Amino acid sequence: MKSLYLVIVGCGRLGSHLANLLSRIGHRVVVIDKNPDSFHKLAAESFSGTRIEGDASEAAVLRQARVDLADLVIAATQADNVNLMVASVARRVFRVEHVMARVYDPARESMYHELGLETVCPTLIAGEAFLDLVRRASGNGGGR
Amino acid sequence: MKALLLGGGRPLWFLAQTLARKGHAVTVVSRDAHECAHFANRVAATIVHGDATDPGLLEDAGARSAQLVLAAMANDADNLVACQVAQRWFAVPRVIALVNDPDNQEVFAALGVQAISTVVTVASLVEQRVTIDQVTNLIPAADGRVTLTEITLEEQNTAVGRRVVELGLPRDALIAVITRAEQTIVPRGETQLQVGDRVLLVALPESHPAALRLLTTNGG
């Protein structure tokens with residue numbers, strides 16, 4: 001496996017989970033969060049990457065994280081707009097090849113696909129899982 | 001003109017008031033319920049309470065028929081997304097972001113959104129106009145991409161007595177015209193600067209401070 005240089009923005013449940021996992025399997029990981037307290041979610045035994053305290057919607061913070069050298073950027077803060085901005089800047093200013101943003105609100109998804117950004121929407125994924133359950137229940141329980 | 005102002009804070013409400021008084025149809029979209037209620041009877045604008053980065057809400061606020069959208073929220077990510085929605089979704093002809101982080105002026109431009117930074121503008125005013133009495137005119141032209149400045153040369157300036165070529169002006173700066181008494185001179189490299197010359201400097205913003213310094217430095 002090739003070791004990648006990864007920048008993860010947002011050290012919440014998702015960001016820290018990915019950071020721990022990806023650092024443990026040998027990737028070089030930088031995590032950015034504006035709240036230094038959130039870094040406690042990085043496990044000492046698995047995370048050997050770098051922590052940067054700062055607001056990733058400031059270009060200076062992305063520069064400090066050397067986003068220009070990143071193989072991949074994951075934007076997973078609590079704020080959709082910050083994720084979309086970070087992904088746009090990483091993709092179009094720093095020319096990072098692989099960029100993905102977590103977006104809760106699916107309303108603007110099509111626009112961001114037009115702009116060439118990859119997004120993942122937990123709302124739609126959970127919705128799909130629940131709908132699948134409904135479909136199975138109504139299919140199986142056909143006799144009732 | 002129909003203008004949509006997105007954001008809050010006193011300056012934005014004053015801007016809404018000013019534009020409304022000039023006869024423009026102004027709508028303010030603000031997340032701050034308290035401000036919305038407070039200004040509802042004080043500003044002659046339509047006020048919409050909600051998230052200005054939400055396409056549905058922007059549509060309700062009249063984005064489809066707006067000629068101008070100005071995004072001036074406290075968070076630059078919100079400003080970027082609101083501007084992109086206004087441009088791409090509603091094809092608003094003129095979309096401007098008022099960015100908080102001055103670095104973002106460049107970043108937004110790279111993402112196709114025109115941005116103004118109050119910090120940059122005020123800093124350059126402070127730097128150039130307030131501290132240099134010699135500067136009589138400061139005009140941003142071509143949407144702020146070029147600055148025209150008129151400077152009156154004083155006896156103590158080291159530039160006096162020098163030829164234009166000797167000044168070492170930055171590459172993106174030039175002296176377009178010199179007004180000397182009744183004469184108007186289009187200078188060449190060998191034109192010599194004199195006390196009382198009114199020099200019209202044309203410069204790109206990056207080169208402007210350096211060029212201004214060369215013309216206004218005092219001899220010791």
Side-chain angles (χ1 to χ4, degrees), chain A residues 9-10 12 15 32-35 52-65 67-68 73-96 99 101-119 121 123, chain B residues 6-8 29-31 48 50-61 63-64 69 71-92 95 97-120 123:
Chain A
V9 181
I32 303 173
D33 200 293
K34 63 179 178 186
N35 177 9
I52 293 178
E53 178 193 342
D55 181 347
S57 59
E58 290 171 16
V61 173
L62 295 182
R63 264 195 293 275
Q64 189 194 344
V67 164
D68 54 320
V73 171
I74 292 169
T77 73
Q78 289 305 310
D80 278 7
N81 293 343
V82 171
N83 295 342
L84 291 166
M85 177 169 176
V86 166
S88 302
V89 174
R91 185 78 197 87
R92 290 169 65 192
V93 177
F94 292 101
R95 306 268 165 218
V96 179
V99 172
R102 186 251 308 266
V103 181
Y104 286 112
D105 182 357
R108 291 176 300 247
E109 211 174 22
S110 63
M111 183 178 90
Y112 283 95
H113 291 168
E114 266 176 51
L115 286 168
L117 299 180
E118 259 189 89
T119 55
C121 177
T123 316
Chain B
L6 317 178
V29 182
S30 169
R31 259 199 204 100
V48 178
D51 175 5
T53 70
D54 172 1
L57 187 110
L58 275 184
E59 179 159 30
D60 290 346
R64 275 194 202 287
V69 165
M73 289 171 277
N75 186 322
D76 282 343
D78 292 339
N79 289 327
L80 178 69
V81 171
C83 286
Q84 286 177 325
V85 170
Q87 269 175 346
R88 304 202 141 244
W89 216 287
F90 300 116
V92 177
V95 174
L98 202 61
V99 291
N100 301 282
D101 175 2
D103 269 5
N104 277 336
Q105 208 174 1
E106 216 174 297
V107 169
F108 277 42
L111 299 175
V113 174
Q114 194 194 347
I116 303 172
S117 161
T118 325
V119 175
V120 172

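This is a predicted model, so every value here is computed, not measured. Residue numbers begin at 1 in each chain, while the letters A, B, ... track the order of the sequences.
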* **Residue B/E106 versus chain A: region with a heavy atom under 4.5 Å** => neither
* Looking only at heavy atoms, what is the nearest atom pair of B/A110 and A/R92, with distance? -> O-NH2, 4.1 Å
* Against chain A, label B/L80 side chain, backbone, both or neither, depending on which of its atoms sit under 4.5 Å from a heavy atom there. => side chain
* Check: B/A82 main-chain N/O paired with A/N81 side-chain donor or acceptor under 3.5 Å -> no
* Residues B/R88, A/Y112; criterion side chain to side chain contact (heavy atoms under 4.5 Å, CB included); working and verdict -> CA-CA 10 Å; B/R88 304 202 141 244; A/Y112 283 95; over 6 Å; no
* Asked: Tell me, side chain or backbone of B/V99 under 4.5 Å from chain A's heavy atoms, or both, or neither?
  -> neither
* Structure fact -> Nearest heavy-atom approach of B/D101 to A/A59 is OD2-N, 4.0 Å
* pair A/R63-B/D103: side-chain heavy atoms closer than 4.5 Å -> yes
* Spacing of CG belonging to A/D105 relative to CG belonging to B/D54, to within rounding of 0.5 Å -> 6.5 Å
* To do: To the nearest 0.5 Å, tell me how far B/N104 CG sits from A/M85 CE.
  => 4.0 Å
* Distance (rounded to the nearest 0.5 Å) between A/E58 CD and B/N100 CG -> 9.5 Å
* Using a 4.5 Å cut-off on heavy atoms from C-beta on, say whether the side chain of A/R108 contacts that of B/T53. => yes
* Where does B/D78 contact chain A at under 4.5 Å (heavy atoms): side chain, backbone, both or neither? -> both
* To do: State, yes or no, whether a side-chain contact exists between B/P55 and A/M111 at a heavy-atom distance under 4.5 Å.
  => no
